[in-house]
Number of protein chains: 2
Amino acid sequence: MNKQDVKKLVQVVEAYCTKEGMRFTDPRRHVLEIVAASDKPIGAYDILARLGERLDNPKPPTAYRAIEFFEQHGFMHRIESLNAYVICYADHRHEGSQFMICDVCGKAIETHLCHLPADLMARTRAEGFVVSGWSAEIHGRCRDCLNP
Amino acid sequence: MNKQDVKKLVQVVEAYCTKEGMRFTDPRRHVLEIVAASDKPIGAYDILARLGERLDNPKPPTAYRAIEFFEQHGFMHRIESLNAYVICYADHRHEGSQFMICDVCGKAIETHLCHLPADLMARTRAEGFVVSGWSAEIHGRCRDCLNP
DNA sequence: TCAAAACTGCTATAATATAACACTCCCAAA
DNA sequence: TTTGGGAGTGTTATATTATAGCAGTTTTGA
């Protein structure tokens, strides 16, 4: 995400926080900017390292708290298979997240499906299973890494 | 999995190892039995603890190596959102794994879809992304935990 | 203006996972 | 039959990821 887009995102999130009566504090702003500026999913301790360039010797909970906050409000997703975090551009909360993750360059492309794919939905129905959230992580090679 | 089924699984895996020229060693057998006997996904350190009832003071690598071995050969899956491992009953290697995970009782039900759901497949095509593996983890409540 | 809620900073520690190295076991080729 | 190599183990140490708990600060709203 370029600087311009990061700025916009910060504005959107700040507006959201104000509207919802939540605080858009310094550590939160920094973490948001750091994750947004990264061109690929970024781990908590890498976030923390970058945070160290902006705050005085921050500790893990500072990063994790901000991450948790943004996850809860739908502005970030955790990518389980990477232990890493990415910005979610969708301006809505959704129960599911899905990513194509390139194992060569490490970039993750989010596919904003709104519903659980039919095949899987059918299985949950058959099992009498009630879905509260889901995620799909697809590994492979992205176009750029296939045609170098 | 009951004792009878664990026994069968062990036989199947042992036969597979022999056929493929791999060793079905003591630590491997124990780890397989422990994971198979668990009624829900089990973490590496819980496996290790159980292993301690069968071997003399085993260390983390002993558990992790066996887990890695079984993952590679398609007899176990890792559930990323739980940091835990389960037996895969399918007698084939597959590129994808999918689970319904009950957040109440912790059990995981595998759905053995052989192909990436069409919606997701369409997205990978559109992106020129070549899939090497994928997983879906669906959280919610299982039938038993809905009708107690 | 003050109480409550939200948030931060910090210490400590939990939980998960792997690197590296010496040693053993087993098979198969000489 | 020995011997050499690959597969596997045992062990130490350490890396990586994540959270509990508590004291103090900021914000808000009654």
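This one's a predicted model, so the numbers in the text were calculated from it and none came from an experiment. Order of the sequence lines sets the chain letters (A, B, ...), proteins ahead of strands, with each chain counted from 1.
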**Item:** Within 6.0 angstrom of A/Arg123 CZ, more than 12 heavy atoms from elsewhere
**Value:** yes
**Fill in**
Looking only at heavy atoms, the pair that brings B/Ala36 and B/Val6 closest together is CB-CG2, 3.9 Å
**Request:** Specify the separation, in whole Å, of atom CE of A/Met22 and atom P of D/dG29.
**Result:** 14 Å
**Message:** What is the distance, to the nearest angstrom, from the CD1 atom on A/Ile79 to the C1' atom on D/dA18?
**Reply:** 18 Å
**Message:** Is it the case that atom CZ in B/Arg125 sees more than 12 heavy atoms from other parts of the structure closer than 6.0 Å?
**Reply:** no
**Message:** Just so I know, are the side chains of A/Tyr85 and A/His77 near enough to count as touching, which here means a heavy-atom distance under 4.5 Å?
**Reply:** no
**Prompt:** Rounding to a whole Å, what distance do you find between A/Arg78:CZ and D/dT17:P?
**Reply:** 9 Å
**Message:** Is the phosphate of C/dA6 approached by A/Thr25 (side-chain N or O, under 4.0 Å from OP1 or OP2)?
**Reply:** no
**Fill in**
Which of C/dT18, D/dT12, C/dC10 is nearest the side chain of B/Pro60? It is C/dT18
**Request:** Calculate the interatomic distance between B/Leu82 atom CG and C/dT16 atom P; express it in whole Å.
**Result:** 11 Å
**Message:** Taking salt bridge (Lys or Arg N to Asp or Glu O under 4.0 Å) as the definition, give me every residue that meets it alongside A/Asp39, ordered by chain and number, with sequence neighbours left out.
**Reply:** none
For nucleotides 20-25 of chain D, tabulate all protein N/O to nucleotide N/O atom pairs closer than 3.5 Å, reporting atom names and distance.
residue, atom, partner, partner atom, Å
D/dG21, O6, A/Arg65, NH2, 3.2

**Asked** Quick check: does any side chain N or O of A/Thr62 sit under 3.5 Å from a backbone N or O of A/Pro58, one acting as donor and the other as acceptor?
**Response** no
**Message:** Does B/Lys7 form a salt bridge (Lys or Arg N to Asp or Glu O under 4.0 Å) with B/Glu33? I'd like the steps, not just the answer.
**Reply:** CA-CA 8 Å; B/Lys7 233 176 188 172; B/Glu33 285 173 359; over 6 Å; no
**Message:** Under the side chain to side chain contact (heavy atoms under 4.5 Å, CB included) test against B/Ile79, which residue among B/Lys40, B/Glu110, B/Glu137 passes?
**Reply:** B/Glu137
**Complete:** Axis-to-axis angle for the helix from C/dT1-D/dA30 to C/dA30-D/dT1, ends of five pairs each, to 10°, equals 20°
**Request:** Measure the distance from CG on B/Asp46 to C1' on C/dT16 and round it to the nearest whole Å.
**Result:** 11 Å
**Request:** Pull out every residue in residues 27-42 of chain B that has a heavy atom closer than 4.0 Å to any atom of DNA chain D, ordered by number, or say none.
**Result:** B/Pro27, B/Arg28
**Asked** What about A/Val86 and B/Phe129, same hydrophobic cluster or not, with Ile/Leu/Val/Met/Phe/Trp/Tyr joined at side-chain heavy-atom distances under 4.5 Å?
**Response** no
**Request:** Would you classify A/Tyr85 as touching base, sugar-phosphate or nothing, given that sugar-phosphate means primed atoms plus P, OP1 and OP2, and contacts are heavy atoms under 4.0 Å?
**Result:** sugar-phosphate
Identify each atom pair where a protein N or O and an N or O of nucleotides 14-16 of chain D are less than 3.5 Å apart, giving names and distance.
none

**Prompt:** Which residues satisfy the side chain to side chain donor-acceptor pair (under 3.5 Å) test with A/Thr111, sequence neighbours excluded?
**Reply:** A/Gln98
**Message:** Between C1' on D/dG6 and CZ on B/Phe69, what's the gap in Å once rounded to a whole number?
**Reply:** 15 Å
**Item:** Atom-pair distance (CG on B/Asp26; C1' on D/dT9), nearest Å
**Value:** 11 Å
**Prompt:** Which heavy atom of A/Cys105 sits nearest a heavy atom of A/Cys102, and at what distance?
**Reply:** N-SG, 3.4 Å
**Asked** Is there a donor-acceptor contact under 3.5 Å from the side chain of B/Thr124 to the main chain of B/Met121?
**Response** yes
**Length of the CG-P vector between A/Asp56 and C/dG9, whole Å** = 10 Å
**Request:** Report yes or no: is the cationic atom of A/Arg28 (NZ for Lys, CZ for Arg) closer than 6.0 Å to the six-membered ring centre of A/Phe70, at no more than 45° off its axis?
**Result:** no
**Asked** So do B/Trp134 and A/Ser81 actually touch side chain to side chain, heavy atoms under 4.5 Å?
**Response** no
